[in-house]
Amino acid sequence: MSDFVAPEGPSVFKRIIDGEIPSEVLFQDDLCFVIADINPSAPTHLLLIPKQEIPRLVDASEEHKSLLGHMMLVAGDIARKFGIQDAFRLVINNGEGAGQTVFHLHMHIMGNKKFNEADLGN
Ligand code: AMP
């Protein structure tokens with residue numbers, strides 16, 4: 001794990017995990033959970049969040065390899081479950097400069113949107 005220090009205290013996702021902030025959990029298993037993004041950028045905009053705290057993708061290391069692989073498979077399962085398996089985008093913002101606002105690693109799963117080939121953002 002890197003020595004990156006998140007800009008604030010416990011992240012909103014950690015507070016959801018700890019039950020301090022209510023949130024409708026759409027899926028969960030031992031390692032991760034899915035909620036709807038509160039400020040959606042697509043008609044279907046879900047967040048896939050590991051229960052383990054990793055601030056940014058770049059802070060992940062060898063020990064997180066199976067967790068990250070697991071999340072990729074869950075992302076596919078969730079896309080199927082929500083009927084967006086033929087057109088969805090998986091986005092990880094890493095660092096403030098890339099638009100990361102919550103420093104607890106998460107994947108955006110976005111679908112039901114007309115994607116612009118040139119726009120790799122959300
Ligand atoms: P990022 O900008 O990549 O760090 O993504 C953080 C995302 O978390 C944003 O799209 C926010 O809309 C979303 N978000 C923040 N607070 C909540 C919350 N309480 N429930 C659901 N989504 C949230």
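As the structure lists them, so they are numbered: ligands from 1, and atoms in each ligand from 1.
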Review point. Under 30°, 30 to 60°, or over 60°: which ring-plane class applies to H104 and F13, parallel, tilted or perpendicular?
Key: perpendicular

**Study point:** Test of proximity, T101 against ligand 1: N or O pairs below 3.5 Å
**Key:** yes

Point to revise | Residue list, side chain to side chain donor-acceptor pair (under 3.5 Å) with S23, at least two apart or on another chain | key: none

Practice item. Tell me, please: is G99 in heavy-atom contact with ligand 1, that is, under 4.0 Å? Key: yes

Point to revise | Numbered atoms of ligand 1 (with element) below 4.0 Å of F13, judged on heavy atoms | key: 8 (O)

Exercise for review: Say whether, by atom type as modelled, one donor and one acceptor occur between the side chain of Q28 and the main chain of F33 under 3.5 angstrom.
Suggested key: no

Check your understanding: Do you know which two heavy atoms are closest between V102 and S11, and how far apart they sit?
Key -> CG1-CB, 3.9 Å

Review point. Can you tell me if A98 has a non-hydrogen atom under 4.0 Å from ligand 1?
Key: no

Acceptor/donor pairs from residues 66-82 side chains to any protein atom, 3.5 angstrom cut, sequence neighbours excluded:
residue, atom, partner, partner atom, Å
H70, NE2, D29, OD2, 2.6
D77, OD1, R80, NH2, 2.7
K81, NZ, L26, O, 3.4

Practice item. Mark up the atoms of ligand 1 that fall under 4.0 Å of a heavy atom belonging to L47, in ascending order. Key: 8 (O), 13 (C), 22 (N)

**Study point:** Residue part near ligand 1, for I21, under 4.0 Å between non-hydrogen atoms
**Key:** neither

Review point. Taking 4.0 angstrom as the limit, do R56 and D59 come out as a salt bridge?
Key: yes

Check your understanding: With only distance considered, is S23 within less than 3.5 Å of ligand 1 through an N or O on each side?
Key -> no

Practice item. Please step through side chain to side chain contact (heavy atoms under 4.5 Å, CB included) for the pair L48 and C32, ending with a clear verdict. Key: CA-CA 7 Å; L48 171 54; C32 58; 3.8 Å; yes

Check your understanding: Is the CD atom of E20 crowded by more than 12 outside heavy atoms at less than 6.0 Å?
Key -> yes

Check your understanding: Would L47 and M107 satisfy side chain to side chain contact (heavy atoms under 4.5 Å, CB included), going step by step from the backbone distance to the final call?
Key -> CA-CA 6 Å; L47 299 172; M107 295 177 181; over 6 Å; no

Check your understanding: Can you tell which part of I92 has a heavy atom less than 4.0 Å from ligand 1: side chain, backbone, both or neither?
Key -> neither

Exercise for review: Output yes when a side-chain donor or acceptor of N94 lies under 3.5 Å from a complementary backbone atom of Q100, and no otherwise.
Suggested key: no

Practice item. Would you mind listing which atoms of ligand 1 come within a distance below 4.0 Å of any non-hydrogen atom of N39? Key: 12 (O)

**Study point:** Numbering as shown, the atoms of ligand 1 that approach I35 to under 4.0 Å (heavy-atom distance)
**Key:** 20 (N), 21 (C)

Check your understanding: Taking the non-hydrogen atoms of F103, is any one of them nearer than 4.0 angstrom to ligand 1?
Key -> no

Exercise for review: Please confirm whether V102 comes within less than 3.5 Å of ligand 1 when only nitrogen or oxygen atoms on both sides are compared.
Suggested key: yes

Practice item. Specify side chain, backbone, both or neither for V12, according to which of its non-hydrogen atoms lie closer than 4.0 Å to ligand 1. Key: side chain

**Study point:** Contact check: I38 vs ligand 1, nitrogen or oxygen atoms, below 3.5 angstrom
**Key:** yes

Check your understanding: Should the proximity of A36 to ligand 1, defined as any heavy atom under 4.0 Å, be assigned to the side chain, the backbone, both, or neither?
Key -> backbone

Practice item. Please confirm whether Q100 comes within less than 3.5 Å of ligand 1 when only nitrogen or oxygen atoms on both sides are compared. Key: no

